[in-house]
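In what follows, chains are A, B, ... by sequence order, proteins preceding strands, each numbered from 1.
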There are 2 protein chains.
Amino acid sequence: MKNSQLYKGSLNTIIMKLLEENGRMYGYEITQKVKLITAGELNITEGALYPALHKLEAEGLLDVEVEKVDNRLRKYYKLTESGQKETVNRLAELEEFIRNMQNLVTPKQNPDLQF
Amino acid sequence: MKNSQLYKGSLNTIIMKLLEENGRMYGYEITQKVKLITAGELNITEGALYPALHKLEAEGLLDVEVEKVDNRLRKYYKLTESGQKETVNRLAELEEFIRNMQNLVTPKQNPDLQF
DNA sequence: AATGTATACATAATTTTCTTATGCATATAC
DNA sequence: GTATATGCATAAGAAAATTATGTATACATT
């Protein structure tokens, strides 16, 4: 993961969301998809991605299938059942997080809150 | 900082934004304000906050004024001129970050992007 | 009198997460 | 033959946080 350090801590959530959406993906594919979605803003580094994938797998949230395509190895990851449940929680947390950060940047003009 | 690990990396930006908005604040006040704004969701821990304030000060982004109020010590922090400039950049980064994360959670139905 | 909660600062040890650097290997374009 | 793209991996180090303490004042409760 690179750039503004704000992305720290969001890699796992990003991976899980993409897998939920796309069924299965391999590491390199994830980096390219993220680059595309963020218009080149976020480049996931391999040093961050692969350890993260291995950890999610070790936690039982992801399953792997190895395939050889064009004489090159690919490791396809997909969410386990447990991973799908956890993804729901992570996405809820992410939305809460985004809401909170927006409230910090653009303080509500809510008369109920005195600040 | 606590909770969903998504907040990792956002503490400096939060501090600077609050100081930009409120002129000057002391550490404990920052923790309470954040708790209020996020409806108790985000609790900044002292072990994260104080080192962060000291570092921002060391980088010349914050100035300190020590005051004794009600026989208790307070260290008021405010943005330096350099800190104000930097805050503009950090907030731009934060908004970009939020946009990107939203695009990940809620993929755009933009026909220009093929994914 | 003792205990708990709130206010207010601080640091040290450890953990988590990421960056940076490196390594291996295949395929294609220049 | 050199560079770029594809595809995986790990190791050393840095950065940022958590967790656990420590000090001190003030006020409320038991």
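Of all nucleotides listed (dA10(C), dT20(C), dT11(C)), dT20(C) comes nearest to the side chain of Thr45(A). Residue Ala48(A) has its side chain nearest to dC18(C) when only dC18(C), dA10(C), dT11(C) are considered. Distances from the side chain of Glu46(A) to the nucleotides dC18(C), dA27(C), dC8(D) place dC8(D) closest.
Side-chain atoms of Gln5(A) stay outside donor-acceptor range of the base of dC18(C), with no qualifying N/O pair under 3.5 Å.
Per the geometry, NE2 belonging to His54(B) stands 9 Å off P belonging to dC9(C), to the nearest Å. The nearest whole Å value for the distance from the CD atom in Gln32(A) to the C1' atom in dC8(D) is 14 Å. Computed from coordinates, the Ile14(B) CD1 to dA17(D) P distance equals 9 Å when rounded to whole Å. One atom, NZ of Lys68(B), and another, P of dT25(D), lie 8 Å apart when rounded to the nearest Å. When rounded to the nearest whole Å, the span between CG of Leu49(A) and C1' of dT10(D) equals 13 Å. Rounded to whole angstrom, the span from the NZ atom of Lys8(A) across to the P atom of dT15(C) amounts to 17 Å. Between the C1' atom of dA5(D) and the CG atom of Asp70(A) lies a distance of 13 Å, rounded to the nearest Å. Whole-Å rounding puts the Tyr26(B) OH to dA6(C) P distance at 15 Å.
Nearer the 5' end of DNA chain D, as judged by each residue's closest nucleotide, is the contact made by Val69(A), out of Val69(A) and Gly47(A).
Contact annotation for Gly27(B): backbone-only contact, meaning every heavy-atom pair under 4.0 Å involves sugar-phosphate atoms and none involves a base. Residue contacts for Arg72(B): at a heavy-atom cut-off of 4.0 Å it reaches a base atom on one of the strands shown.
Looking at Glu29(A) and Arg24(A), no side-chain N of the basic residue comes within less than 4.0 Å of a carboxylate O on the acidic one, giving no salt bridge. Ion pairing between a basic and an acidic side chain is recognised when a charged N comes within 4.0 Å of a carboxylate O; Lys75(A) and Glu65(A) show no such pairing.
Using a 4.0 Å cut-off, no side-chain N or O of Lys55(A) falls inside it from OP1 or OP2 of dT16(C). Note on Tyr50(B): every side-chain N or O is 4.0 Å or more away from OP1 and OP2 of dA10(C).
Using modelled atom types, one side-chain atom of Thr80(B) and one backbone atom of Gly60(B) make a donor-acceptor pair closer than 3.5 Å.
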Practice problem: Check the pair Arg90(B), Glu93(B) against salt bridge (charged side-chain N to carboxylate O under 4.0 Å, His left out), reporting the backbone distance first and the verdict last. | Solution: CA-CA 5 Å; Arg90(B) 304 277 179 114; Glu93(B) 276 178 15; 5.5 Å; no
Practice problem: Step by step, work out the side-chain hydrogen bond (donor to acceptor under 3.5 Å, both in side chains) result for Tyr7(B) and Asn100(A). | Solution: CA-CA 10 Å; Tyr7(B) 294 91; Asn100(A) 282 332; 2.9 Å; yes
